[in-house]
Amino acid sequence: MTQISIWLSFISTALAIYAAYTTWHDKHRNIEISYNWGNKISSQFNISFNFFNPSSRNISITEIKIIENGHSFSCPREPLLLMGRAKKAVFSASLPLNIAPSTSIDAVYPFQFLDKTMDLREYTLIFRVNGVDITQTIDLGKNTIDGDQFAKRFEKQLI
């Protein structure tokens, strides 16, 4: 009888350790940021990101910066008009962006007042997530869209 209770104690301890580890692991998973597409209009880049929160806690993105020639440009905190017709308009996403656990959000952020001669190549972006800076290098020339494709992506919102 004591041998059975020892095995049951061992199994319950192992299961408790496994449950504690998986809970800790799920809570501390990092955000996944992917670049969808970019659009350049004069001295402004409109960049579409997909943010996925795999953790079991909320994540808040409070700042996004692009680094160009040693200068950093932050995207505005308030929504900016991306395009509009008559009474309908499409605005960029605002900051802070709060992402619930195990969800994904697509958002477009504008970066203004960049050098007009700035080409679409690899740039370093800094995302402030829950007070911690996450640096990511993104090739903005990879999925660049022109003005017509940009308008088509938002056409349904304008109708």
Side-chain angles (χ1 to χ4, degrees), residues 20-159:
Y21 171 76
T22 55
T23 301
W24 179 88
H25 183 264
D26 284 346
K27 185 176 180 182
H28 291 89
R29 291 177 69 183
N30 292 328
I31 186 170
E32 296 173 16
I33 303 168
S34 58
Y35 163 68
N36 294 332
W37 51 265
N39 170 262
K40 183 179 180 189
I41 302 170
S42 175
S43 63
Q44 176 176 315
F45 279 162
N46 298 311
I47 304 175
S48 173
F49 297 104
N50 177 273
F51 301 102
F52 174 61
N53 178 8
S55 76
S56 61
R57 61 189 170 109
N58 291 329
I59 286 179
S60 179
I61 300 172
T62 55
E63 187 176 25
I64 304 173
K65 294 181 189 176
I66 188 169
I67 308 297
E68 189 232 342
N69 295 331
H71 298 89
S72 68
F73 297 90
S74 295
C75 70
R77 297 182 68 78
E78 64 280 342
L80 291 180
L81 179 68
L82 296 177
M83 61 185 300
R85 292 186 194 136
K87 296 180 182 179
K88 300 248 181 176
V90 175
F91 290 90
S92 64
S94 62
L95 290 174
L97 177 66
N98 297 311
I99 307 169
S102 302
T103 58
S104 177
I105 294 178
D106 285 321
V108 177
Y109 287 101
F111 293 88
Q112 295 182 313
F113 312 115
L114 303 173
D115 185 3
K116 289 184 182 181
T117 61
M118 190 171 159
D119 58 342
L120 297 172
R121 56 178 169 79
E122 280 192 359
Y123 287 96
T124 301
L125 282 98
I126 300 172
F127 302 87
R128 175 143 304 165
V129 179
N130 292 343
V132 177
D133 288 344
I134 296 175
T135 304
Q136 190 169 351
T137 302
I138 297 174
D139 185 4
L140 295 179
K142 185 176 161 187
N143 291 328
T144 305
I145 62 173
D146 61 16
D148 292 335
Q149 292 172 326
F150 182 75
K152 286 180 183 176
R153 292 185 190 262
F154 298 107
E155 194 172 294
K156 292 178 182 174
Q157 295 178 25
L158 292 174
I159 296 175

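No donor-acceptor distance shorter than 3.5 angstrom exists from the side chain of D148 to the backbone of K152, with no hydrogens or angles considered. The main-chain N or O of T62 is found under 3.5 Å from a side-chain atom of R77 such that the two form a donor-acceptor pair. Remark: side-chain polar atoms of N53 are not paired, donor with acceptor, to backbone N or O of S102 under 3.5 angstrom. With hydrogens and angles disregarded, a donor-acceptor distance shorter than 3.5 Å links the side chain of N39 to the backbone of I145.
Residues R57 and N130 meet the side-chain proximity criterion, which asks for heavy atoms closer than 4.5 Å. Annotation: side chain of V108 is in contact with side chain of W37 (closest heavy-atom distance under 4.5 Å). Side-chain contact between F73 and F45 is absent, with no heavy-atom pair separated by less than 4.5 Å. Looking at S34 and N36, their side chains come closer than 4.5 Å, going by heavy atoms from C-beta outward. Within the 4.5 Å cutoff, the side chain of S92 has no heavy atoms near those of the E78 side chain. Side-chain contact between S60 and L97 is absent, with no heavy atoms from C-beta onward closer than 4.5 Å.
Shortest non-hydrogen contact noted between Q149 and T144 is OE1-O, 4.3 Å. Across every non-hydrogen atom of I64 and F111, the tightest pair is CG2-CZ, 3.5 Å. The minimum heavy-atom distance linking A93 with A107 is given by the pair CB-CB, 3.7 Å. Among all heavy-atom pairs drawn from P76 and L95, the shortest one is O-CD1, 4.4 Å. Counting all heavy atoms, side chain and backbone alike, R29 lies closest to S55 at O-CB, 3.5 Å.
Considering N30, I99, I59 in turn, I59 is the only one that fulfils the side chain to side chain contact (heavy atoms under 4.5 Å, CB included) rule with V129.
With values rounded to the nearest 0.5 angstrom, R128 atom CZ is found 4.0 Å from D133 atom CG. Note: I67 CD1 to T124 OG1 = 7.0 Å, rounded to the nearest 0.5 Å. Rounding to the nearest 0.5 angstrom, the gap separating the CZ atom in F52 from the CD1 atom in I105 is 11.5 Å. To the nearest 0.5 Å, atoms SG (C75) and CD (E63) are separated by 8.0 Å. Rounding to the nearest 0.5 Å places CD1 of I66 at 4.5 Å from CD1 of I47. With values rounded to the nearest 0.5 angstrom, L140 atom CG is found 9.0 Å from E122 atom CD.
For N50, the side chain to side chain donor-acceptor pair (under 3.5 Å) partners two or more places apart in sequence, or in a different chain, are S104, D106.
Note on ring orientation: taking the six-membered ring where Trp is involved, the planes of F49 and Y109 are tilted (angle from 30° to 60°).
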